[in-house]
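Worksheet: one structure, shown below.
Order of appearance sets the numbers: ligands from 1, and atoms from 1 within every ligand.
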Amino acid sequence: MKLVDTHAHLDMENFDRDRDAVMERAHASGVGCIITVGYDLRSSVKAVRLANDYDCVYAVVGVHPHDAQSVTPELMQVIEELSFAPKVVAIGEIGLDYYRNLSPRDVQRDVFKRFLSLARKRQLPVVIHERNAEEDCMKILDDEWHEMKGGVMHCFSGPWDMAEKCLSMGFYLSFGGPVTFLNFRNKDVVKRVPLSRLLVETDCPYLAPEPFRGKRNEPAYVRLVAEKIAELRGINIEELAARTTANARGLFGLDIGNN
Ligand code: NI
């Protein structure tokens with residue numbers, strides 16, 4: 001069995017002390033590939049470097065909506081240059097976050113559109129972060145969603161009607177640690193998403209699944225996420241792993257085997 005952790009932040013200093021051990025534990029629990037996702041310039045540079053250092057790591061470059069106000073034309077230029085590195089598989093994480101509002105909303109919307117254009121130009125998929133901004137996010141995607149290479153709604157937590165909209169646009173939906181929480185509300189969404197559009201992730205070091213909730217998360221724990229989703233859907237973990245790994249290969253063009 002091979003799993004792909006489609007959304008990790010391996011660059012973060014939480015992993016500086018024991019990154020090699022973290023990678024070994026990931027392999028030991030069946031994780032064959034990890035996609036490490038940038039959220040600002042520094043982390044995007046580091047994601048590319050980690051993809052160089054580790055065979056099983058791929059990189060995504062972009063700026064999180066929290067840092068939208070840091071985005072200058074020069075920074076866009078550097079991200080574009082980084083996107084040409086051989087193991088960069090997507091642009092992200094980009095989107096809107098109206099929950100914490102760390103950058104002004106109008107700036108978030110503008111920067112989101114600019115990154116969608118970059119993804120279109122580079123013909124790379126997008127990794128989207130959306131929190132409390134469903135209406136504006138879907139409106140921007142509706143306007144911009146032409147000649148795109150597809151994408152994933154990361155750590156999806158929306159209701160079924162939003163899931164349906166995203167699926168009709170060709171998006172994959174990715175689920176992480178929250179599916180294991182007792183108070184996770186959208187179990188019906190996890191059950192209804194077609195297997196052909198499902199991805200798994202950790203978003204580590206954040207959002208550790210049960211029984212590690214509140215602790216540092218790491219790629220090995222994507223197995224707990226996969227087990228929970230398999231249980232909710234009444235299928236075995238091997239089938240879920242095979243399907244989600246095939247989906248990750250398809251979306252991101254990963255150069256990995258299926259087993
Ligand atoms: Ni993230």
Give every protein N, O or S atom lying under 2.8 Å from the Ni ion (ligand 1), naming each by residue and atom.
His7 NE2, His9 NE2, Glu93 OE2, Asp203 OD1
Which Ile, Leu, Val, Met, Phe, Trp or Tyr residues join Met12 in one cluster when any pair of side-chain heavy atoms under 4.5 Å counts as a link?
Tyr39, Tyr206, Leu207
May I ask you to decide if the ring planes of His66 and His64 are parallel, tilted or perpendicular, using 30° and 60° as cut-offs?
tilted
For a side chain to side chain contact (heavy atoms under 4.5 Å, CB included) check, start with the C-alpha distance between Lys2 and Cys33, then their side-chain angles and the critical distance, and finish with the verdict.
CA-CA 8 Å; Lys2 278 280 183 284; Cys33 179; over 6 Å; no
Partner of Ile229 under side chain to side chain contact (heavy atoms under 4.5 Å, CB included), chosen from Leu224, Leu198, Thr244:
Leu198
Salt bridge present between Arg216 and Asp18 (N-O < 4.0 angstrom):
yes
Side chains of Ser43 and Asp11: any donor to acceptor distance under 3.5 Å?
no
